[in-house]
Structure formats: C-alpha cells, structure tokens
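The structure appears below as structure tokens.
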Amino acid sequence: MFSHDKDAGTVVCLEDYGRIKRGAVIPKTNELYTDVESWIAEGNELQAFGGYPDTRTLDDAKAQKLTEINESYQAQMAGTLSKYPNVETLTFDKQEREARAYQEWVDNGSQGAAPSTPLVSNLAEGRQMSKEDLVPRIIAKADAFTEESGHATGKRQYLEDRINNATTITDVEAVNW
C-alpha cells in the first residue's frame, strides 16, 4: 500500500511490499519506483498522503516516550525547586529532620535534653526569629513538598508502567504527562 506525497513528488510505502519496506520514500527517479508501478498495474490506487508512517521499533518508541515523561516530571519538580537556590535545597532533609525532632520534643513537654538542631538554630538566628516560630514553617513547607513530589513521582511511575506494558506504538503514544 502506498500514498502519494504530491508536494514532494514522492510515493510513501505504508506497508512492506516486495523489496520496499514500510516508511520508504520513493521518488519517481528511484529504481524501486518500478515496483510501485507494478503495484498500481495490479489495480491498486495511491492513497491520499496522510503523513509518513512511524517506523520506530516498539522498544525505541518506549524509550523515547519514557524520556519525554521523565523530562515532564523533571520540569514540574524544577518549577517548585526553582524558588530556592540549589545549595539551599541540599539542606531540605536536614532542616526537616531537625525541625521534626525539635517539634516532637516540644510536643512531649520539652522533657529531657533538647535535640541538637544546629542548622535550624542558625537559620532562626539568621532570620532573626525564634526557633519556635521557624520550626512549624519548615515542617509545613516539607509537608507541601512531600505531597507534591509524591503525587508527581507516583504519576511518573504509573505512566512508566503504562509505557512498559504497551504492546503497540499507538499505545505508547497515548501515554502523556
């Protein structure tokens, strides 16, 4: 089966035919055009041009789609993280650990020695605010980030599963961020 790209003056092979493989673009000057003429002589007609067929393998389509999904995931999370300098993001885990340890100590009636919170203590001093005021802010931001990243990561993993389980290129292309 062939279609005719009138703008380019070529014929496009839509399904393997003899020596011509799916996706081949054949100008009239190519020696394979005689095969197209034979196909037409058998009573077949050139179809209207509807674009070039996808000739990628299923594995190639899956790899390309997974890259696309990962880039979309990365872009979404980068939008959130772009609000902070990169060096500060490296402290997020430690800020959260110290803030939660301190909050637990407060919630338990401040019994025993206070947990060590050198990062949070220095953050509070640098911001000229009390640790008691800063800790809930750190925890709220950590919770919001965890929620957003968890949702985005779950979505990325779900889409990755759909890509891996796809059996056709059409199924792969139906997966979108």
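Here, residue 1 is the first one in the sequence, and each next residue gets the next number. Computed over heavy atoms, backbone and side chain alike; hydrogens, waters and symmetry mates excluded.
Both Ile138 and Tyr102 belong to a common hydrophobic cluster when Ile, Leu, Val, Met, Phe, Trp and Tyr are linked at side-chain heavy-atom distances under 4.5 angstrom. Residues Met77 and Tyr158 are members of one and the same hydrophobic cluster, defined by side-chain heavy-atom contacts under 4.5 angstrom among Ile, Leu, Val, Met, Phe, Trp and Tyr.
A donor and an acceptor atom, one from each side chain of Asn70 and Thr67, are nowhere located under 3.5 Å apart. Defined by atom type and a distance below 3.5 Å, a donor-acceptor pair is present between the side-chain atoms of Thr57 and Asp60. Donor-acceptor pairing under 3.5 Å is lacking for the side chains of Gln111 and Trp105. A donor-acceptor pair shorter than 3.5 Å cannot be found between the side chains of Asp35 and Ser38. Remark: the Ser121 side chain and the Thr117 side chain contain an N/O donor-acceptor pair separated by less than 3.5 Å.
Of all non-hydrogen atoms in Ser149 and Thr146, the two that sit nearest each other are OG-O, 3.4 Å. A pairwise comparison of heavy atoms in Val12 and Pro53 identifies CG1-CD, 3.6 Å as the closest pair.
Within the 4.5 Å cutoff, side-chain heavy atoms of Leu46 are placed close to those of Trp39. Annotation: side chain of Arg127 is not in contact with side chain of Asp133 (no heavy-atom distance under 4.5 Å). Side-chain contact between Tyr73 and Lys155: absent, with no pair of heavy atoms (C-beta onward) separated by less than 4.5 Å. Within the 4.5 Å cutoff, side-chain heavy atoms of Met1 are placed close to those of Gln47.
For CD of Glu173, the number of neighbouring non-hydrogen atoms (other residues, nucleotides, ligands) closer than 6.0 Å is greater than 12. More than 12 heavy-atom neighbours from other residues, nucleotides or ligands sit within 6.0 angstrom of CD on Glu42.
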